[in-house]
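Comments concern the structure below.
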Amino acid sequence: MQKNPANVIVMISGSGSNLQSIINKADDIGVNIQSVISNKADAYGLKRAKDAGITTQVIEHTKFSSREDFDRALIKYINKFNPDLIILAGFMRILSDGFVATFAGKILNIHPSLLPKYKGLNTHQRALDADDTKAGASVHFVTNELDSGEIILQESVTIDAHDNATTLAKKVLEQEHILYPKAIKKVLQR
Ligand code: GAR
């Protein structure tokens with residue numbers, strides 16, 4: 001993908017600190033964020049987007065009777081933009097096969113574990129419970145199997161004896177903010 005800047009949509013559900021790191025490094029990565037979508041109306045990331053002058057859209061999954069209907073509304077909105085990439089940044093909904101097929105090969109996600117370890121939720125506690133010495137984050141392509149698509153980049157951190165799920169999450173998140181912009185850039189340079 002040689003286009004510079006590449007057009008991207010970012011999807012969030014919460015704080016949006018990864019979104020912020022992408023906003024801050026947009027020029028270096030070579031992206032133009034066309035819109036930020038949240039499935040939660042109170043996501044703090046919406047404020048971050050607005051402060052950066054980016055269009056926002058709330059599409060609440062609770063307003064739809066099925067995952068497929070929610071995803072159809074997402075697709076309808078995203079199709080207006082014809083983005084090069086869709087960047088999931090703390091978007092906490094599983095996407096349907098229909099959504100993944102519509103944007104095949106264009107959806108990226110960041111997951112707070114060293115995949116293939118700890119797909120799904122509570123990744124940090126699971127790493128601690130397993131007495132792992134390292135934790136980390138992975139950026140991967142989204143396929144219709146949860147947290148299983150091709151890994152683009154990973155970064156690890158050392159788990160210290162005093163770490164708990166909160167301190168570990170904070171350490172990993174700091175690395176995520178460096179990792180995600182790098183991984184997006186890597187995909188765009190392919
Ligand atoms: C990040 O740690 C991200 O890896 C994780 O949610 C957090 C979002 O933080 N994503 C997942 O767990 C996806 N399954 P942010 O809203 O501050 O970017």
Side-chain angles (χ1 to χ4, degrees), residues 8-26 29 31 33 35-52 54 56-61 67 70-71 74 85-96 99-100 103 107-129 132 134-159 163-184 186-187:
V8 303
I9 296 281
V10 181
M11 293 172 62
I12 62 165
S13 299
S15 156
S17 68
N18 277 293
L19 163 67
Q20 188 69 60
S21 79
I22 296 164
I23 291 172
N24 294 348
K25 294 180 190 158
I29 306 168
V31 291
I33 304 174
S35 183
V36 170
I37 303 173
S38 174
N39 66 312
K40 299 240 177 154
D42 62 353
Y44 184 71
L46 290 168
K47 180 177 176 342
R48 298 182 192 268
K50 284 178 193 150
D51 286 351
I54 299 166
T56 61
Q57 180 75 13
V58 174
I59 304 177
E60 289 172 293
H61 62 280
R67 186 181 301 283
F70 170 60
D71 284 10
L74 291 174
L85 288 179
I86 296 168
I87 296 172
L88 309 185
F91 182 71
M92 301 305 282
R93 300 289 303 167
I94 292 175
L95 293 162
S96 64
F99 185 97
V100 174
F103 303 110
I107 315 170
L108 306 187
N109 182 43
I110 189 157
H111 182 74
S113 79
L114 293 172
L115 290 172
K117 278 188 158 184
Y118 315 128
K119 297 170 184 177
L121 299 175
N122 302 319
T123 54
H124 304 301
Q125 191 56 54
R126 287 157 71 200
L128 290 165
D129 291 347
D132 289 355
K134 285 194 177 303
S138 309
V139 177
H140 65 95
F141 283 103
V142 173
T143 61
N144 47 22
E145 210 183 316
L146 181 70
D147 298 329
S148 297
E150 180 198 339
I151 293 168
I152 300 153
L153 277 183
Q154 292 183 306
E155 190 58 77
S156 62
V157 301
T158 302
I159 301 181
D163 269 325
N164 56 41
T166 307
T167 60
L168 189 54
K170 187 164 177 280
K171 270 204 287 206
V172 171
L173 194 58
E174 277 166 20
Q175 291 307 313
E176 290 184 36
H177 299 157
I178 301 165
L179 182 69
Y180 216 172
K182 259 198 221 169
I184 298 165
K186 184 173 169 190
V187 168

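These numbers come from the heavy atoms of this one structure, side chains and all, not from hydrogens, waters or symmetry mates. Just follow the structure's listing: the first ligand is 1, and inside any ligand the first atom is 1.
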Nitrogen or oxygen atoms of Asp147 and ligand 1 under 3.5 Å apart = no
At what distance is the nearest protein heavy atom to atom 13 (C) of ligand 1, and which residue and atom is it?
-> Met92 SD, 3.7 Å
Would you check if the side chain of Arg126 reaches a backbone N or O of Lys117 as a donor-acceptor pair within less than 3.5 Å?
-> no
Asn109-ligand 1 polar pair, N/O distance under 3.5 Å = no
Hey, does Asp132 have a side-chain heavy atom less than 4.5 Å from the side chain of Tyr118?
-> yes
Are Ile94 and Arg67 side-chain neighbours, meaning at least one heavy-atom pair lies under 4.5 Å?
-> yes
Side chain, backbone, both or neither: the part of Ile12 lying under 4.0 Å from ligand 1 by heavy atom | neither
Touching ligand 1 at all, Gln20? Heavy atoms, strictly under 4.0 Å?
-> no
Which residue supplies the protein heavy atom nearest to atom 14 (N) of ligand 1, what is that atom called, and how far is it?
-> His111 ND1, 3.7 Å
Are any non-hydrogen side-chain atoms of Glu60 and Asn39 less than 4.5 angstrom apart?
-> no
Among protein heavy atoms, which lies nearest atom 12 (O) of ligand 1, and at what distance?
-> Pro112 CD, 3.4 Å
So, Asn164 side chain and Thr167 main chain: donor-acceptor pair closer than 3.5 Å or not?
-> yes
Does a side chain donor of either Ser138 or Gln154 reach within less than 3.5 Å of an acceptor in the other side chain?
-> yes
Any idea which of Gly120, Ser17, Ser13, Ala169 brings a heavy atom closest to atom 17 (O) of ligand 1?
-> Ser17
Where is the nearest protein heavy atom to atom 6 (O) of ligand 1: which residue, which atom, and how far?
-> Gly90 CA, 3.8 Å
Answer yes if the side chains of Lys119 and Ser148 hold a donor-acceptor pair under 3.5 Å, and no otherwise.
-> yes
Check the surroundings of atom CD in Glu145: do more than 12 heavy atoms from other residues, nucleotides or ligands lie under 6.0 Å from it?
-> no
Considering heavy atoms of the protein only, find what lies nearest to atom 10 (N) of ligand 1 and give residue, atom and distance to 0.1 Å.
-> Ile110 O, 3.6 Å
Determine whether any heavy atom of Gly16 lies closer than 4.0 Å to an atom of ligand 1.
-> yes
If we ignore angles and hydrogens, is there a donor and acceptor under 3.5 Å between the side chains of His111 and Thr123?
-> no
Please identify which atoms of ligand 1 are closer than 4.0 Å to at least one heavy atom of Ser15.
-> 16 (O), 17 (O)
Around atom 4 (O) of ligand 1, find the nearest protein heavy atom and jot down its residue, atom name and distance.
-> Glu176 OE1, 2.8 Å
